[in-house]
Amino acid sequence: KEKVEITKEQQALMKIITDAYNRHQIPQDVAKKLLQDQYSAEENFLLLTEMATSQVQVLVEFTKNIPGFLSLDREDQIALLKGSAVEAMFLRSAQVFSRKMPSGHTEVLEERIRKSGISEEFITPMFNFYKSIGELHMVQEEQALLTTVTILTPDRPYVKDQQAVERLQETMLDVLRKLCVLQHPQEPQYFARLLGRLTELRTLSHYHTEMLASWRMNDHKFTPLLCEIWDV
Ligand SMILES: Cc1ccccc1NC(=O)[C@H](C1CCCCC1)n1c(-c2ccc(Cl)cc2)nc2cc(F)c(F)cc21
């Protein structure tokens, strides 16, 4: 049984990333809003575009705290942000949905999201992903590192120096792997399951353009930033 040990440097890296991840979260809590009131499809769509726009802004701030990210080629930094923004949004949504809530709240939240305006065909794959993330019971360090690993995906479109991104991602994957072994000793497959979620996340994110276009309302308006990031 090999002794898994997180080094001092890895400990420091994990602290930087987890603190930044917790600092750069969206101020207003959308789950609370959705639990308070039922909104029309138009109001929900506006709420989504506002949430997604501010989420991109906090994502940019968060990446500035990933050691090594600012040393990457400038255009590659943009390519990584653009390439991971939708996945980061769904990952964040899944983490919000999986948060421990007073009994009955998750069911209400699920109902509100089902009725928010999203077309039927996307509801099941989206909630399957949310529930599979919930089953992992990730600690906040794992959530922060998983988002970081998602951002540092070397094979995003237009990334020129993929090796440089790969080296950074591998550094993060090594810490995440050790953390998983230490946090979930009974589950040697936990790390592999965690990475398997990233495949599900990428698949779900492929639908996002259709999910938005099929939102049950006419005339979908987006912010300029979302037009940039969401290819809409
Ligand atoms: C939570 C967050 C943080 C940052 C950025 C975005 C968001 N996401 C949102 O605001 C939207 C709202 C928006 C308002 C309508 C209902 C869903 N949202 C989505 C979602 C559904 C479909 C698509 Cl296409 C995208 C996202 N899944 C959610 C799960 C949750 F538990 C939750 F509380 C909100 C969730």
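Both ligands and their constituent atoms are indexed starting at 1 by order of listing. All values below were derived from every heavy atom in this structure, side-chain atoms included, with hydrogens, water molecules and symmetry-related copies excluded. All residue numbers in this chain count up from 1 along the given sequence. Please read these numbers as outputs of a predicted model, since none were measured by experiment.
Between Phe97 and Phe90, the ring center distance fails the sub-6.0 Å criterion. A distance below 6.0 Å separates the ring centres of His208 and Trp230.
Regarding atom 16 (C) of ligand 1, its nearest protein heavy-atom neighbour is Ser116 CB, 3.8 Å. Protein heavy atom at the shortest distance from atom 11 (C) of ligand 1 is Leu48 CD1, 4.1 Å. Looking only at protein heavy atoms, the nearest one to atom 10 (O) of ligand 1 is Met51 CG, 3.3 Å. Among protein heavy atoms, atom 29 (C) of ligand 1 sits closest to Ile113 CD1, 3.5 Å. For atom 33 (F) of ligand 1, the nearest protein heavy atom (residue, atom name, distance) is Val96 CG1, 3.4 Å. Taking atom 4 (C) of ligand 1 as the reference point, the nearest protein heavy-atom neighbour is Ile26 CD1, 3.4 Å.
A donor atom on one side chain and an acceptor atom on the other are found under 3.5 Å apart for Gln10 and Asp174. One side chain, Arg112 or Gln38, offers a donor N or O that lies under 3.5 Å from an acceptor on the other. A donor-acceptor contact under 3.5 angstrom links the side chains of His184 and Glu142, judged on distance only.
Every atom of ligand 1 is numbered from 1 in the order shown, and the set under 4.0 Å from a heavy atom of Met126 is 21 (C), 22 (C). Every atom of ligand 1 with a heavy atom of Ala31 under 4.0 Å away is listed here by number and element: 33 (F). Numbered from 1 in the order shown, with element, the atoms of ligand 1 that lie under 4.0 Å from a heavy atom of Arg92 read 3 (C). Counting atoms of ligand 1 from 1 in the listed order, those under 4.0 Å from a heavy atom of Ile118 are 21 (C), 22 (C). Here is the list of ligand 1 atoms found below 4.0 Å of a heavy atom in Met89: 5 (C), 6 (C), 25 (C).
For ligand 1, one of its N or O atoms has an N or O atom of Ser93 under 3.5 Å away. Backbone and side-chain nitrogen or oxygen atoms of Gln55 are examined, and none is located within less than 3.5 angstrom of a nitrogen or oxygen of ligand 1.
Taken from CD1 in Ile123 to CG in Asn128, the straight-line distance is 11.0 Å, to the nearest 0.5 Å.
Proximity annotation for atom 12 (C) of ligand 1: of Val86, Leu47, Asn44, Leu34, Leu34 comes nearest, heavy atoms only. Among Tyr130, Phe97, Phe90, the residue whose heavy atom sits closest to atom 19 (C) of ligand 1 is Tyr130.
Ion pair Glu170/Arg177 not flagged as a salt bridge, since none of the NZ, NE, NH1 or NH2 atoms sits closer than 4.0 Å to an Asp/Glu carboxylate oxygen.
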Could you go step by step and tell me if Arg216 and Ser119 meet the side-chain hydrogen bond (donor to acceptor under 3.5 Å, both in side chains) rule? CA-CA 7 Å; Arg216 283 200 307 278; Ser119 64; over 6 Å; no

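By the neighbour-count criterion of 12 heavy atoms within 6.0 Å, atom NZ of Lys32 is sparsely surrounded, having that number or fewer from other residues, nucleotides or ligands. Open room surrounds CD on Glu228; 12 or fewer heavy atoms of other groups in view lie less than 6.0 Å from it.
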